[in-house]
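It should be emphasised that the depicted structure is a prediction, and the values quoted were computed from it without experimental measurement. Residues: numbered from 1 along the sequence shown. As the structure lists them, so they are numbered: ligands from 1, and atoms in each ligand from 1.
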Amino acid sequence: MSEEDSPAAATPSPRPRFRPLPLGAGPTTRLVHGARRPDWNAGAVVPPIYRSVTFRYPAAFSEGAVRGGTYLYSRLENPSVEGPAEVIRQLEGGEAAQLFASGMGAITASVLSLVGAGEEVVAVGGLYGGTTDLFGELPRLGIRVRTVPEGDRRAPDDLVTKDTRLVMFETPSNPQLRVHDIGRWSSAAHRVGALVLVDNTFATPINQTPLALGADLVVHSATKYLGGHSDLLAGAVVGSERLLRRVDPKRCLGAPLDPFVAFLLERSLKTLALRVARHNENGVRVTAAIADHPAVERVHYPGRASAEEEAIAARQMRGRGGVLGVSLRGGAAAVAVFLRSLTLIEVASSLGGVASLASVPGVTSHRHANPEELRALGIDPGFVRLALGIEDADDLVRDLREALDAAERVGAAPPL
Ligand SMILES: *Cc1c(COP(=O)(O)O)cnc(C)c1O
């Protein structure tokens with residue numbers, strides 16, 4: 001008897017029964033087939049969009065029935081949202097996943113669910129500007145925040161204390177693309193009873209799976225690579241059932257993912273592995289092609305900061321991604337000419353879309369930082385972030401070389 005024919009299907013809105021995939025199915029297969037449900041109407045092979053905010057109570061409504069998994073109200077659960085959540089859960093290798101209206105929704109929900117007054121958060125390395133702003137609010141709630149500057153060479157064991165409840169970092173980090181050792185931070189945190197939260201936005205689960213390396217929770221701005229087309233805002237949290245039950249903030253923070261956006265996200269996820277493979281290829285090709293250009297002082301790309309980071313990246317990453325930083329010798333003046341001279345690459349913030357973007361962190365993601373803070377983050381006045389898309393590498397290299405040539409003419413040092 002198929003699931004559709006079973007008496008259980010007669011009770012309204014059973015929670016998802018995803019069709020199991022063959023044991024050992026690869027990531028691309030999981031992206032394409034990971035959220036198939038036998039209960040889509042009319043034999044549809046792509047998911048319907050469930051706009052309904054409310055759902056019929058089971059005939060014999062009881063607390064037990066609710067706990068047994070029925071839909072009630074779309075802020076709490078919605079079938080359209082569970083599809084992409086299931087795919088992301090499988091790719092990250094977690095027990096449970098929840099989606100949010102934005103990456104910041106996911107990060108705020110996670111941090112506020114896990115840390116309380118009198119406890120400490122350790123914030124490691126360069127973080128997304130919104131996350132830094134959130135951490136700036138925490139002291140008001142009695143939560144201490146200890147910041148570990150990018151490039152701090154002290155051992156993780158020396159940076160956590162018995163009060164540390166949460167260690168959070170991004171790897172590769174924003175915007176310097178520094179690599180942090182997920183395994184090493186996880187053992188240090190676990191030794192003092194703290195949790196590790198990794199923002200895996202830049203790497204994506206195709207390039208890196210932090211849970212397998214010891215992290216407790218993974219967050220994503222699904223707005224970036226998971227969404228992939230710069231046309232949706234979404235966030236995700238993945239981890240154990242136990243922790244996800246605590247990160248249950250859709251109920252109180254009110255940032256659930258909209259069902260239509262969830263549909264778009266699920267559609268995008270199907271091509272994630274293909275897109276990320278191309279982003280990786282373009283990242284490596286462009287780094288090699290522009291690193292020696294006379295206008296370029298330095299290219300920042302995961303693993304390039306030191307031999308130690310290269311070793312960590314080789315261990316924990318399967319690909320290095322499509323974001324790189326470029327420090328121009330000519331400073332702010334060279335940056336202005338460089339950006340004006342790009343013809344293919346658009347000048348805009350954000351990353352992870354199919355189209356390449358160039359941005360200046362000092363005036364976008366890190367606009368609230370003052371010059372000293374920017375310097376501490378390694379953002380010199382000549383710093384530009386390139387978020388490479390999936391275009392043909394030769395076209396990107398041509399556009400960048402022409403813009404760098406123009407920047408070099410302006411930025412050339414005056415003769416002695
Ligand atoms: C964009 C971004 C965020 C915030 O995500 P939104 O979807 O914009 O809320 C968080 N972390 C990183 C690394 C990001 O790039």
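Across Val145, Ile107, Val121, a single residue satisfies side-chain contact (heavy atoms from CB on, under 4.5 Å) together with Leu134, and that is Ile107. Ser356 pairs with exactly one of His279, Glu346, Glu391 by the side-chain contact (heavy atoms from CB on, under 4.5 Å) rule, that one being Glu391.
Between Glu310 and Arg304, no side-chain nitrogen of the basic residue sits less than 4.0 Å from a carboxylate oxygen of the acidic one, so the salt-bridge criterion is not met. Looking at Glu308 and Arg153, a side-chain N of the basic residue comes within less than 4.0 Å of a carboxylate O on the acidic one, giving a salt bridge.
Residues of the protein with a heavy atom under 4.0 Å from ligand 1 are Ser102, Gly103, Met104, Ile107, Tyr128, Glu170, Asp199, Thr201, Phe202, Ser221, Thr223, Lys224, Leu233, Ala234, Leu351, listed by chain and number.
Within the structure, ring-ring contact (aromatic ring centres under 6.0 Å, His included) contacts touching residues 294-324 (residues at least two apart or in different chains) are His300-Phe383.
Annotation: cation-pi pair Lys224/Tyr128 present, NZ/CZ under 6.0 Å from the ring centroid and within 45° of its normal.
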